[in-house]
Amino acid sequence: MIKGFIFDLDGVITDTAEQHYLAWKHLSEEKGWDFDREVNENLRGISRMDSLKFILNHNNISLDDDTLQELATKKNVMYQDLLNDITPDDFLPGAKEILTHLRSEGFYVALGSSSKNAKKVLEQLGAIGYFDVVGDGHSVAKSKPDPAIFLFGAEKMGLQAEECIVFEDAEKGIDAANDGGFHSVGIGPEERVGHAHLRFDSMADATLFEIKSYFKDLF
Ligand code: B16
Ligand code: MG
């Protein structure tokens, strides 16, 4: 039976992909690297360092560890500055509604984000109160597609993977949820999250009613 829900942050609760894009774009322009929205799409759900390595690989550049660290920090300073503009109006349409609904029905709710800035984003949104557990980029060592972050959330809620539904917008995030034995809900296009057990184009379509109708034997 389903007792808990685990939500990814960027692309599910709010769209911080834009702020990530702007910060990487700024760094890339400064360094003369090729970077655009198409490249940015590949960074969905992957860690900051893996994102930097992806951009460098795309540009056929290799750098030593100290320089990588310095550049990742530089990007993060720009990103954190942009996060200050996030307000409670920046929930993705439908996100606040399902979180409220889950709270009123007494389900456990966890965040399962790769971001080390997840707490700051939740604070800016005023969303901390919707979560029993916050799993973020500081919680586990392995990043998606490893299921570690979702297993962390389930364990902290005192639940087994099969008792939880994971919401994810990233291809690697759905891989992680499926590998961990979770029920998965993909948010986004078929070509990105078509391997989820259930898929919606956007969070606005992902109501608790629809979820319960699809996973009806589990409620
Ligand atoms: P940070 P999610 C992910 O968030 C983003 O989708 C990804 O683009 C980003 O690189 C990653 O967080 C790490 O973020 O630099 O803040 O630690 O989708 O897992 O909530
Ligand atoms: Mg995401």
Side-chain angles (χ1 to χ4, degrees), residues 5-28 35-58 68-84 86 90-92 95 99 109-125 127 130-131 133-153 166-177 180 182 184-189 192-193 196 199-200 202-203 206:
F5 285 74
I6 305 176
F7 290 88
D8 173 53
L9 180 63
D10 174 28
V12 170
I13 303 296
T14 186
D15 199 11
T16 30
E18 187 60 21
Q19 285 90 343
H20 281 295
Y21 167 75
L22 291 171
W24 286 125
K25 181 79 186 153
H26 199 275
L27 182 68
S28 298
F35 181 75
D36 56 22
R37 288 186 184 274
E38 209 181 312
V39 178
N40 191 57
E41 265 305 296
N42 295 284
L43 311 183
R44 212 173 259 275
I46 66 170
S47 71
R48 194 181 314 155
M49 190 51 81
D50 286 347
S51 301
L52 176 60
K53 287 178 180 166
F54 187 95
I55 296 168
L56 292 173
N57 196 33
H58 172 76
L68 289 176
Q69 207 52 59
E70 188 191 306
L71 292 171
T73 302
K74 198 164 188 186
K75 180 267 176 177
N76 195 46
V77 169
M78 287 187 262
Y79 177 65
Q80 285 181 330
D81 193 40
L82 294 167
L83 292 184
N84 290 324
I86 293 181
D90 291 318
F91 279 93
L92 276 168
L99 288 171
V109 179
L111 189 82
S113 168
S114 305
S115 175
K116 292 185 173 169
N117 295 295
K119 284 207 176 88
K120 159 98 175 154
V121 175
L122 291 184
E123 277 164 14
Q124 293 283 131
L125 285 169
Y130 292 112
F131 296 91
V133 173
V134 174
D136 62 14
H138 297 287
S139 307
V140 294
K142 289 184 181 166
S143 60
K144 300 163 191 174
D146 192 282
I149 188 63
F150 299 137
L151 293 170
F152 172 89
V166 170
F167 274 61
E168 250 296 345
D169 69 307
E171 183 182 349
K172 289 193 173 73
I174 294 296
D175 290 337
F182 295 88
S184 59
V185 173
I187 305 298
R192 195 171 80 211
V193 289
R199 186 194 68 81
F200 297 100
S202 74
M203 280 297 281

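We number each residue from 1, following the sequence as shown. Quick caveat: nothing in here was measured; it's all calculated off a predicted structure. When reading the values below, keep in mind they use all heavy atoms of this one structure, side chains included, and skip hydrogens, waters and symmetry mates. Indexing begins at 1, ligand by ligand and atom by atom, following the structure's order.
In this structure, Lys144 has a heavy atom closer than 4.0 Å to ligand 1. Under a 4.0 Å heavy-atom criterion, Gly11 is not in contact with ligand 1.
Draw a line from the Mg ion (ligand 2) to O of Asp10 and another to OD2 of Asp8, and the angle between them is 90° (to 10°).
Among the heteroatoms counted here (N, O or S) of Asp169, OD1 is the one nearest to the Mg ion (ligand 2).
A salt bridge is defined here as a Lys NZ or Arg NE, NH1 or NH2 lying under 4.0 Å from an Asp or Glu carboxylate O, and Arg37 with Glu18 meets this definition.
The backbone of Ile46, and not its side chain, has at least one atom closer than 4.0 Å to an atom of ligand 1 (non-hydrogen atoms only; backbone = N, CA, C, O). With a 4.0 Å heavy-atom cut-off, ligand 1 is reached by the side chain of His20 but not by its N, CA, C or O.
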CA sep, side-chain torsions, deciding dist, call: Leu9, Thr14, side chain to side chain contact (heavy atoms under 4.5 Å, CB included): CA-CA 6 Å; Leu9 180 63; Thr14 186; 4.2 Å; yes
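His20 and Tyr79 have parallel rings, their planes meeting at less than 30° on a 0 to 90° scale where 60° marks the start of perpendicular. A perpendicular orientation is assigned to the rings of Phe7 and Phe131, their planes being inclined by more than 60° (bins at 30° and 60°).
With rounding to the nearest 0.5 angstrom, the OH atom of Tyr130 is 5.0 Å from the CZ atom of Phe91. Residue Leu151 holds its CG atom at 8.0 Å from CG of Asp146, rounded to the nearest 0.5 Å. Glu168 contributes atom CD, which lies 9.5 Å from atom CZ of Arg192 (distance to the nearest 0.5 angstrom). In this structure, CD1 in Ile46 is found 11.5 Å from NZ in Lys144, a value given to the nearest 0.5 Å. In this structure, CZ in Phe167 is found 9.0 Å from CG in Leu99, a value given to the nearest 0.5 Å.
Every N/O-N/O distance between Gly112 and ligand 1 stays at or above 3.5 Å.
Residues Gln19 and Ile86 are in side-chain contact: their nearest non-hydrogen atoms beyond the backbone lie under 4.5 Å apart.
No more than 12 heavy atoms of other residues, nucleotides or ligands shown are found within 6.0 angstrom of NE2 on His26. No more than 12 heavy atoms of other residues, nucleotides or ligands shown are found within 6.0 angstrom of NZ on Lys172.
Protein heavy atom at the shortest distance from atom 5 (C) of ligand 1 is Asp10 OD2, 3.3 Å. Among all non-hydrogen protein atoms, the one lying nearest atom 15 (O) of ligand 1 is Arg48 NE, 2.7 Å. In terms of protein heavy atoms, atom 19 (O) of ligand 1 is closest to Ser114 N, 2.7 Å. For atom 2 (P) of ligand 1, the closest heavy atom belonging to the protein is Asp8 OD1, 3.0 Å.
Taking every heavy atom of Tyr79 and a limit of under 4.0 angstrom, the matching atoms of ligand 1 come to 16 (O). Every atom of ligand 1 with a heavy atom of Leu43 under 4.0 Å away is listed here by number and element: 7 (C), 8 (O). With ligand atoms numbered from 1 in the order given, ligand 1 contributes 1 (P), 16 (O) to contacts under 4.0 Å with heavy atoms of Asn117. Which parts of ligand 1 touch Leu9 is read off a 4.0 Å heavy-atom cut-off, strictly below it: atoms 20 (O). In summary, the atoms of ligand 1 found under 4.0 Å from a heavy atom of Lys116, numbered by their order in the structure, are 1 (P), 16 (O), 17 (O). For ligand 1, the atoms sitting less than 4.0 Å from at least one non-hydrogen atom of Ser113 are 2 (P), 4 (O), 19 (O), 20 (O), numbered in the order shown with element in parentheses.
Closest heavy-atom approach to atom 13 (C) of ligand 1 among the candidates Ser51, Ser115, Gly45, Ser143: Ser115.
The Mg ion (ligand 2) does not have Glu168 among its coordinating residues (no N/O/S atom, backbone or side chain, under 2.8 Å).
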